[in-house]
Amino acid sequence: MSLRVQTMPGAMRALTMRLGDEIFAVEANCVREILEIGTVTSVPNAPDFVGGLINVRGTVVPLADLRVSFNMPRPVADEDTRIVVMEIEIDGEKTVAGVLADKVHDVTDLDAASMEPAPRIGMRWPQGFVRAIAKRDNQFIIVPDVNEIFARSIAAAH
Amino acid sequence: MSQPDPVAIFRQEATELLETLEANLLQLDETPDDKAVVDSAFRALHTLKGSGAMFGFTAAASFVHEFETAFDRVRKGEKTATPALIRVALQARDHIMILIEDPDSAGSEGETLLAALRQAVEGEAKAEAAPALVIEAPVAEAWPSGWKISFSLPADALAMGSNPLLLIDELAELGPCDVRARIAGVASLDTLDPTRSALGWEVVLRGDVSRAQIDDVFMFLSDDMELTVEALGEPASEAPAPAAPPIAEAAPSLAAAPAVAPAPAPAQAAKPKTKPKTESPAPQKAASSDKSNSSLRVPAERLDALMDRVGELVIAQARLNQLAAQANDPNLKSVAEDIERLSSSLRDTTMGIRMVPIGTLFGRFRRLVHDLSHDLGKEIEFVTAGEDTELDKTVIEHLADPLVHLIRNSVDHGLESADKRLAAGKPSGGTVRLSATYAGAEVAISVSDDGAGLDPARIRQKAEEAGLITSEAKLSEQELFQLIFQPGFSTAKEITALSGRGVGMDVVKRTIDGLRGSIDLSSQMGLGTTATLRLPLTLAIIDGLLVRIGDGRYTIPLAAVEECVELPLDADGEGRGRAFLNIRGSLVPFIRLREVFNLSTPPGQYQKVVIISSGDMRVGLVVDQILGNNQTVIKQLSKLHAGVRHFSGATILGDGTVALILDPMQLATFGQHGDGTHAEQTFGRAA
């Protein structure tokens with residue numbers, strides 16, 4: 001993982017969203033659409049991280065909650081809650097998954113200069129889950145490594 | 001739509017023809033005198049030769065031609081298909097396969113094979129002359145009278161849609177023909193207009209045919225064509241010299257009529273050994289035209305796309321139904337009912353298209369057993385049953401490899417050598433049985449042998465050596481057998497070229513898991529082993545029973561449902577989640593799904609039990625409410641939910657919500673073994 005942090009990509013166009021008290025940014029290229037939250041079917045005995053299924057235009061898509069991965073409180077959905085439908089890569093295979101966001105902000109360009117690799121120590125979150133920390137208007141933005149988070153969730157389920 | 005690659009189409013067609021040929025040859029092994037089978041094999045060869053040459057597979061075409069020549073003597077009834085001949089013929093068939101798949105890699109064994117083939121046909125009585133020339137005489141003598149017909153079509157006939165080859169075929173159906181083309185009118189290549197008919201034909205038709213029958217053939221064309229028909233005199237003197245092979249002359253017509261299918265290329269036909277093929281065009285054409293009436297080749301992707309559309313239609317229709325039910329408009333209701341009827345019959349038809357009888361697969365194994373029997377020197381009777389059982393195409397495609405492994409195992413490890421069998425009081429020849437039957441929502445395919453059976457003690461010992469289990473572990477026989485499916489496990493004392501390396505069974509298991517199926521082994525020492533694969537009928541759409549558990553709605557595959565009963569109020573209260581119901585005298589275990597799913601909401605007052613069956617297991621599922629039937633379009637769960645058991649997929653209901661599909665097989669196993677955690681964690685399906 002450390003390797004990937006060092007060879008971090010430069011500028012990225014990102015979708016920013018709020019999870020709990022933190023602002024997260026995901027690669028805008030991977031985002032397919034943003035949906036209001038509809039009926040979520042819960043999957044009994046599934047891990048909390050992917051506890052639900054949603055219908056995205058006739059396909060069944062798993063709904064993931066990054067707040068579980070980052071040990072954040074999970075308040076119930078309100079009018080700001082959105083589902084960000086993303087393409088992720090699992091074992092080299094493209095998969096579509098929904099990611100819950102407490103609020104979706106905007107699409108913004110994060111330039112390389114404003115981004116720093118995640119510090120190795122002093123992090124509240126599991127190693128490898130954060131690709132970088134970006135700074136914008138005196139605010140820290142977390143760039144999560146979404147693929148890694150999903151890969152670990154699958155590994156843990158087996 | 002892009003044009004399909006003709007060479008790829010030829011390869012596919014050739015593969016099918018070779019399969020037919022193989023099946024016919026194996027059939028001949030059992031019934032050497034079956035004329036129909038000989039003819040069928042011959043037709044396959046002939047078509048292969050024709051289209052092979054047309055697509056530039058000259059090496060294959062000329063090999064097939066030699067093969068055909070040798071085999072023709074069998075067809076003429078001069079020789080019978082001896083086992084030795086069949087064996088060589090099968091090898092020759094494999095060689096053709098190589099020539100077609102990868103012409104450059106084929107070695108020189110072709111000549112050797114042909115020599116062996118000729119020798120096998122000749123048997124003891126070796127004729128000096130080349131077989132091709134010997135054959136001519138009896139044919140000519142057999143037909144004492146006939147006609148000499150010469151005709152040519154008007155120049156624009158091809159453009160008008162006439163096909164001279166069809167005329168010739170029609171003539172050939174009346175009786176054996178010698179066909180010669182008059183090629184004098186053909187322009188040189190650079191000025192040739194392929195849409196103009198420049199050829200004329202002379203046909204010598206032998207047999208008891210009336211003039212009227214011949215006129216019938218040309219009925220639709222006689223106005224502007226040139227046609228003369230003369231009665232033949234003494235036929236023996238009329239017999240054309242075999243040196244001028246009709247095939248060679250039919251070839252230029254390929255240039256004139258590019259739309260016409262199998263026609264050998266000139267390079268091929270120029271071979272001097274070519275023997276007049278008097279009868280074969282007729283049956284071959286007849287066969288292929290029959291085929292075009294009854295079946296149609298469609299790329300699999302198109303079927304898949306169709307299936308997707310039908311899936312969407314079914315979901316949309318469910319939504320319409322729901323709206324109609326709310327709207328209270330009789331007109332809308334009646335339309336919704338019509339649409340429902342149409343979509344469900346469309347669904348059934350579409351599913352039917354994808355269903356393929358498993359017999360297509362069984363044919364391949366006959367060859368496998370035939371070869372194994374020869375290689376291992378074991379006498380094996382291969383019995384198949386249930387070839388008509390139909391399975392989804394995708395399932396069938398994935399089944400070939402697992403079944404090869406299982407059959408090899410049966411033949412190699414299962415069946416003992418003849419001496420051992422006699423010593424054990426069994427007949428010297430072993431039997432391998434491959435059968436398929438419907439079992440509820442599943443198809444059960446079993447491979448059984450009457451060999452030595454599995455030895456639980458040896459499996460146990462091996463498993464301990466391999467560190468798979470500890471020596472204290474208490475395992476039932478069934479659990480021990482399941483160890484065979486662990487990677488790297490093999491009890492074979494010696495490794496043969498075929499099996500014993502311990503790869504294979506784990507592959508079998510993985511493949512079957514991937515198809516949402518299961519595999520059982522049962523065995524009795526000294527009596528034999530049976531491996532049974534259970535597979536879902538289809539991977540696409542099923543009829544489901546919609547139930548409610550807590551706040552969630554779930555679908556149970558209807559084919560697995562046996563009956564629904566009320567949960568008796570006095571039934572074993574909450575607790576271990578497992579109890580028994582008395583269903584007409586038999587005890588059926590039941591599980592409370594709300595407990596399995598860890599739901600906290602209070603149960604409904606009148607809970608229902610849905611009795612499902614999987615294989616020979618029955619189990620009751622306690623649900624809160626039964627909502628009704630629905631058509632369920634199965635959507636696979638993503639890898640993210642691979643670890644979740646009890647569900648085989650998900651579907652989308654009429655109102656757009658997602659419902660999970662319960663997996664009867666998992667739940668039945670779960671219900672039978674109580675919490676079953678140990679067994680399932682160790683041996684359970686990967687879901």
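Labels below follow one simple rule: chain letters A, B, ... track the order of the sequence lines, proteins then strands, and each chain is numbered from 1.
- Summarising the geometry of Phe647(B) relative to Val43(A), their closest heavy-atom pair is CE1-CG1, 4.2 Å, with the distance given to 0.1 Å.
- For the pair Val644(B) and Val50(A), the minimum side-chain heavy-atom distance is 4.5 Å or more.
- Side-chain contact check for Lys639(B) versus Thr95(A): every heavy-atom pair is 4.5 Å or farther apart.
- At most 12 non-hydrogen atoms from other residues, nucleotides or ligands lie less than 6.0 angstrom from CG of Asp551(B).
- Residues satisfying the salt bridge (charged side-chain N to carboxylate O under 4.0 Å, His left out) criterion with Arg548(B), sequence neighbours excluded, are absent altogether.
- Across all their heavy atoms, Gly52(A) and His641(B) have their closest contact at O-CE1, 3.8 Å.
- Remark: Asp21(A) CG is loosely packed, at most 12 non-hydrogen atoms of other residues, nucleotides or ligands lying under 6.0 Å away.
- In this structure, chain A has a heavy atom under 4.5 Å from the side chain of Leu637(B), while its backbone stays farther away.
- Of the candidates Ile652(B), Leu640(B), Val658(B), Thr657(B), Leu53(A) forms a side chain to side chain contact (heavy atoms under 4.5 Å, CB included) with just one, namely Val658(B).
- Counting non-hydrogen atoms of other residues, nucleotides and ligands closer than 6.0 Å to NE2 of His105(A) gives a total above 12.
- If you take CG on Leu653(B) and OG1 on Thr41(A), they are separated by 7.5 Å, rounding to the nearest 0.5 Å.
- Atom CZ of Arg74(A) is surrounded by more than 12 heavy atoms from other residues, nucleotides or ligands within 6.0 Å.
- Residues Pro44(A) and Leu593(B) fail the side-chain proximity criterion, which asks for heavy atoms closer than 4.5 Å.
- Residues forming a side-chain hydrogen bond (donor to acceptor under 3.5 Å, both in side chains) with Glu89(A) (at least two apart in sequence, or on another chain): none.
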